[in-house]
*Asks:* 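Right, I'll just put the structure down here and ask away after.
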Protein chains: 2
Amino acid sequence: MPELPRPQQNLLLAALPHESKKRLVDHLELVSLPLGKVMYESGETMRYVYFPTDSIISLLYVMESGASAEISVVGNEGVVGIALFMGGESTPSRAIVQSGGYAFRLLGQRLKDEFNRHGEMLVLMLRYTQALITQMSQTAVCNRHHSIDQQLCRWLLLSLDRLPDNQITMTQELIANMLGVRREGVTEAAGKLQKLGVIEYRRGHITVLDRPRLEQLSCECYAVVKKETDRLLSDHF
Amino acid sequence: MPELPRPQQNLLLAALPHESKKRLVDHLELVSLPLGKVMYESGETMRYVYFPTDSIISLLYVMESGASAEISVVGNEGVVGIALFMGGESTPSRAIVQSGGYAFRLLGQRLKDEFNRHGEMLVLMLRYTQALITQMSQTAVCNRHHSIDQQLCRWLLLSLDRLPDNQITMTQELIANMLGVRREGVTEAAGKLQKLGVIEYRRGHITVLDRPRLEQLSCECYAVVKKETDRLLSDHF
DNA sequence: CTCGTTATGTACGCCATCGAACAGAATGTG
DNA sequence: CACATTCTGTTCGATGGCGTACATAACGAG
């Protein structure tokens, strides 16, 4: 039987000094996040922040037309709900579960209290926020300049980094929503990767077989984000 | 003769309570920022933060190939150098002067000292950062889904909001760098706008004649960013 | 005023991606 | 096991933006 997740699996929670952790741990509530669940709707006031352990959350922007694009992705290295401590309380984007799993949630007010003690929590959250900003910037650039093929590679790698194995549960339709492209475009790109033996997939399941090759085929955006995230957070982790 | 800028012209500085302002004002140094000046190079450690009064600064990402794209834009409503107080000290993007003018610069350490007093400065900087995040997200979406025509409108509006009159000094070539498209694409889009009587231009100078029409022709991205920025910062301004 | 430089205009073929439409395959539900 | 549903594969024409090449026009330094 699978064990239940522990707070330590989230790297931000793990990085907290003992004192902070002690203050928070009793208020952390384990929640299950099924694939596709909408955690925040655009403009909504946030009540909780979420620290994923083994789930992945996409921050998605949905336009008036219904078209969408992923702005950034959050896994066990991060937290969903930065608007709470940044002061805005809400954001114009949607948070949706991209890979089912668990997260620990914390009442917004509790996080704010801890944040306002101006200790390690503040430093950590701000550094993480900067990493998130890097990801968003890179997404903007990537959307402008890179092909679907390259972007799919980037997206697979970002997902892979946040998953325990080399297996991604996701339909091509959903990936297309994330990338903001047509489903057919993803089918084609995925087909090429499969032909190259880099991935293997069947109806909603993708297995990455050759990760080094995937990194070669990806645009520089993945490496930039990875490197910068490591730089910003590795002191703490 | 034109008067020299005052710190109050930067909205963030203006919004500071008297006490904070008193601590900082003697350390603010007025600097002139000529068009095209590179204020930060990607990855460089930041020494100063800049509070523009009448200049505009673009945060630009330049790829390995040399292609570029604007991530966000900063005028008298903001500050250049958030990485300093976010904790990362540097970012992978370049800051370049998009419209010449003045700014007050402040030694990074002074800002950090003020920031670490955990007063109004912290709150203000974080809220501003959230506004910047909104702009970056929207840029990502816009790059994915909207036409050059629409994006040019958005870009003109964002610039206009940060300038004293309806006159923009900027070549089509530079606009193309910002938008991450070909110069010819901008020429064509600008030509259409001129034919419609919305703008008028000649060799590096653009005059906006019909701003309401420009807003109609723009994608929703401009309005989203504007509205969210107002929401996040109007309590303070 | 002239000339070199820089900015803008235009044209052509190319290609990635789009939109739409439909066929086939895998899945799980009753 | 059969069927409805959902996912994936493929095709077609349309098109927006690209790369390239070159022409014209405005400016400003001498």
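Values reported hereafter were calculated over all heavy atoms of this structure, with side chains retained and with hydrogens, waters and symmetry mates removed. Order of the sequence lines fixes the chain letters, A, B, ..., with proteins taken first and strands second; residue numbering starts at 1 for each chain.
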*Asks:* What I want to check is whether the side chains of A:Arg144 and B:Gln151 have a donor and an acceptor closer together than 3.5 Å.
*Replies:*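 There is such a pair (donor and acceptor under 3.5 Å, judged by atom type) between the side chains of A:Arg144 and B:Gln151.
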*Asks:* Under a 3.5 Å cutoff, is there a donor and acceptor pairing between the side chains of B:Gln216 and B:Arg213?
*Replies:*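 Their side chains do contain a donor-acceptor pair, which is all the 3.5 Å distance test asks for.
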*Asks:* Examine distances only and state if a side-chain atom of A:Glu77 and a backbone atom of A:Gly75 form a donor-acceptor pair shorter than 3.5 Å.
*Replies:*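 It does hold such a pair.
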*Asks:* Does anyone know the first and last nucleotide of DNA chain D in reach of chain A, 5' to 3', at under 4.0 angstrom to a heavy atom?
*Replies:*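 Contacts span D:dT6 to D:dT10, reading 5' to 3'.
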*Asks:* Going by distance alone, is a donor N or O of one side chain under 3.5 Å from an acceptor N or O of the other, for B:Arg231 and A:Ser90?
*Replies:*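 There is such a pair between these side chains.
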*Asks:* Calculate the interatomic distance between A:Leu152 atom CG and C:dT17 atom C1'; express it in whole Å.
*Replies:*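 So the two atoms are 15 Å apart, to the nearest Å.
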*Asks:* Out of A:Leu160, A:Leu157, A:Leu163, which one pairs with A:Val208 under the side chain to side chain contact (heavy atoms under 4.5 Å, CB included) rule?
*Replies:*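 For A:Val208, the side chain to side chain contact (heavy atoms under 4.5 Å, CB included) test succeeds with only one of A:Leu160, A:Leu157, A:Leu163, which is A:Leu160.
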*Asks:* Check the pair A:Gln172 / A:Thr187 against side chain to side chain donor-acceptor pair (under 3.5 Å), numbers first and verdict last.
*Replies:* CA-CA 6 Å; A:Gln172 300 182 353; A:Thr187 298; 2.6 Å; yes
*Asks:* Scan side-chain atoms only and decide if A:Ser58 and A:Gln98 contain a donor-acceptor pair under the 3.5 Å cut-off.
*Replies:*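 Yes - a donor-acceptor pair under 3.5 Å links their side chains.
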*Asks:* Calculate the interatomic distance between A:Leu179 atom CG and C:dT17 atom P; express it in whole Å.
*Replies:*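 Whole-Å distance recorded here is 11 Å.
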*Asks:* Do any N or O atoms of the protein come closer than 3.5 Å to N or O atoms of nucleotides 3-8 of chain C, and which pairs are they?
*Replies:*
residue: C:dT6; atom: O2; partner: B:Arg203; partner atom: NH1; Å: 2.8
residue: C:dT6; atom: O2; partner: B:Arg203; partner atom: NH2; Å: 2.8
residue: C:dA7; atom: O4'; partner: B:Arg203; partner atom: NH1; Å: 3.0
residue: C:dT8; atom: OP1; partner: B:Gly204; partner atom: N; Å: 2.9
residue: C:dT8; atom: OP2; partner: B:Gln172; partner atom: N; Å: 2.8

*Asks:* Rounded to whole Å, please give me the gap between NE2 in B:His146 and P in C:dT17.
*Replies:*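 It works out to 18 Å between those atoms.
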*Asks:* If I take atom CG in residue A:Asn177 and atom C1' in nucleotide C:dC18, what distance separates them, rounded to the nearest angstrom?
*Replies:*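 In whole Å, C:dC18 C1' lies 15 Å from A:Asn177 CG.
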*Asks:* How far apart are the C-alpha atoms of A:Tyr102 and A:Asn10, what are their side-chain angles, what is the distance that settles it, and do they pass the side chain to side chain donor-acceptor pair (under 3.5 Å) test?
*Replies:* CA-CA 10 Å; A:Tyr102 289 88; A:Asn10 179 279; over 6 Å; no
*Asks:* Hey, which sits more toward the 5' end of DNA chain C by its nearest nucleotide, B:Gly191 or A:Ile148?
*Replies:*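 This one resolves to B:Gly191.
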*Asks:* Give the rounded distance in Å between these two atoms: CD of B:Glu184 and C1' of C:dA11.
*Replies:*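 B:Glu184 atom CD is separated from C:dA11 atom C1' by 11 Å.
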